[in-house]
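To start, the structure under review is shown below, and the notes come after it.
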Amino acid sequence: MLPPSVVFRPSSRWTSLLAGLWLCLASAVQAQVVSPERLENVVIDAIQPVVEKYRVPGMALALTIDGEPYFFNLGETALEGGEAITEHTLFEIGSVSKTFTATLAAYAAARGALHFDKPVSTYLPALRGSAMDSVSVLNLATHTAGHFPLQLPAEVGSEQALLEYFRDWDPQYTPGSKRTYANPGSGLLGVVAARSLNQPFAKAMQESVFRGLGLSQTFIEVPDEAMAGYAEGHNSQHQPVRVNMGLLGEEAYGVRSSAADLTRYLAAQMELVRVAPDLRQALQATRQGFFRTEYYVQDMVWEQYALPLNKERLLAGNSRDMIRGDHPVSAISPPMPPQRNVLINKTGSTGGFSAYVAFIPEKQFGFVMLANKYFPNEERVAM
């Protein structure tokens, strides 16, 4: 039996931990051959080949196996003068934040304050008479609104300009017919969820979701007392950077969290942690399947892969093309209830951080990777 926390610190020169690592570990879990030596060997094999070209200062890897957490903390919080990474170090998790935003929206629905089948303009009266009369809240949660750009246009610089942008926006295809990954849609989902609860977004998230899940190291707004544990991010030129929040940043990519908290989050998703009924219902709602893509089922933000799964399919589903392009989808009616024999994942990035989380409910297996350096999805997800 493994101890509850395994901490492995290799030399200062190491590489990214990739999905091949956790796929291999998942196989080991299924075969019931997990041992400390096995874990260490897989970690070492995964980190040796690639990372020198990225110069990643630090990384926190966490696993959940049968509900038990195991941590591998690597490197430091900064290239120069950093502290040792721990499972409590704060990282920017980028678009993994969107899974929390979807949870807040589903929580609002569980409370009766929000209905996913209603138009967005129901909750934002200023958008009535616009294309938002035909875009449902569910379209926002599944990236099927009709083609928002990946990022909010730079000229949209105020709350008034934001409303005007959404009021003037025209879909490029019928909502629900294609999937286009985009920060503006996810950001708007957060605005709608918070508005339905009559609270500012950060307050609603902190009180209803983070606190409800028992996450004490997860923040939209990092308090002063937690700043010392906030890793320094690094861009592709190895320069220190932190996220520039901007409009809709809180809602789309603004969460900072630790490996310990994200491990608990995945445990809650797999119903290994008890939470209040409304929040439990919300977590389950985000794991319903609403649309089929070429590679996976689109849940609320989460991406769900049927098992068995090969690495090539996982790579294709997490490719740049899936992020940048418009992809036909077919609606699942009625929605697919939460599945257990599936792999569910989400990547996330900011200018200085990389994140990847995945879990298999049936195997009670979860994987968290957080790094304080940006590097491409493909390098996170493939050996």
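Throughout, residue positions are numbered sequentially from 1 according to the sequence presented.
When only modelled atom types and interatomic distance are considered, Q160 and E164 share a side-chain donor-acceptor pair under 3.5 Å. A side-chain donor from one of D133 and S121 sits under 3.5 Å from a side-chain acceptor of the other. Side chains of N73 and E87: a donor-acceptor N/O pair is present below 3.5 angstrom, by distance only. With 3.5 Å as the limit, one finds a donor-acceptor pair spanning the side chains of Y181 and S95.
Within a 6.0 Å radius of CZ in R195, no more than 12 heavy atoms belonging to other residues, nucleotides or ligands are found. Surrounding CZ of R292 are at most 12 heavy atoms belonging to other residues, nucleotides or ligands under 6.0 Å away. Heavy-atom contacts from other residues, nucleotides or ligands closer than 6.0 Å to CG of D168 number more than 12. Atom CD of E294 is surrounded by 12 or fewer heavy atoms from other residues, nucleotides or ligands within 6.0 Å. A 6.0 Å sphere centred on CD of Q239 holds more than 12 heavy atoms belonging to other residues, nucleotides or ligands. For E80, the CD atom sits in a loose shell: 12 or fewer heavy atoms of surrounding residues, nucleotides or ligands are nearer than 6.0 Å.
With hydrogens and angles disregarded, no donor-acceptor distance shorter than 3.5 Å links the side chain of T347 to the backbone of Y356. Judged by distance alone, with hydrogens and angles left aside, the side-chain atoms of S257 form no donor-acceptor pair with the main-chain N or O of T218 at under 3.5 Å. With hydrogens and angles ignored, the 3.5 Å screen pairs no side-chain donor or acceptor of R280 with any backbone N or O of V275. Although no hydrogens or angles enter the test, the distance criterion places no donor-acceptor pair under 3.5 Å between the side chain of R211 and the main chain of V209. Proximity of a side-chain donor or acceptor of R264 to a complementary backbone N or O of L213 within less than 3.5 Å is detected. Remark: side-chain polar atoms of H327 are paired, donor with acceptor, to backbone N or O of D321 under 3.5 angstrom. No donor-acceptor distance shorter than 3.5 angstrom exists from the side chain of N235 to the backbone of G351, with no hydrogens or angles considered. Remark: side-chain polar atoms of S97 are paired, donor with acceptor, to backbone N or O of G94 under 3.5 angstrom. Side chain of T77 to backbone of G82: no donor-acceptor contact under 3.5 angstrom is found.
Between Y165 and F148, the angle of the ring planes lies from 30° to 60°, which puts this pair in the tilted group. Ring geometry for W302 against F359 counts as perpendicular: the plane angle is over 60°, on a 0 to 90° scale with 30° as the lower cut.
The shortest heavy-atom contact between A355 and V96 is CB-CG2, 4.2 Å. Heavy-atom minimum distance, Y253 versus M245: OH-O, 2.8 Å. In terms of heavy atoms, N139 sits closest to G176 at ND2-N, 3.8 Å.
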Audit row: Y305, R313, side chain to side chain donor-acceptor pair (under 3.5 Å) steps and yes/no: CA-CA 9 Å; Y305 294 82; R313 189 177 187 85; over 6 Å; no
Side chain to side chain contact (heavy atoms under 4.5 Å, CB included) evaluation trace for R287 with I344: CA-CA 8 Å; R287 300 196 312 277; I344 301 168; 3.9 Å; yes
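Note on Y123: it clusters hydrophobically with L138, by side-chain heavy-atom contacts below 4.5 Å among ILVMFWY residues. Note on F290: it clusters hydrophobically with L188, by side-chain heavy-atom contacts below 4.5 Å among ILVMFWY residues.
Counting heavy atoms from C-beta on, the side chains of D299 and T286 never come closer than 4.5 Å. Considering only heavy atoms from C-beta on, F210 stays 4.5 Å or farther from D261 through its side chain. Residues L127 and L163 meet the side-chain proximity criterion, which asks for heavy atoms closer than 4.5 Å. Using a 4.5 Å heavy-atom threshold, the side chains of L79 and H234 count as touching.
For the side-chain hydrogen bond (donor to acceptor under 3.5 Å, both in side chains) with Y173, the qualifying choice from T144, T180, D326 is T180, the only one to do so.
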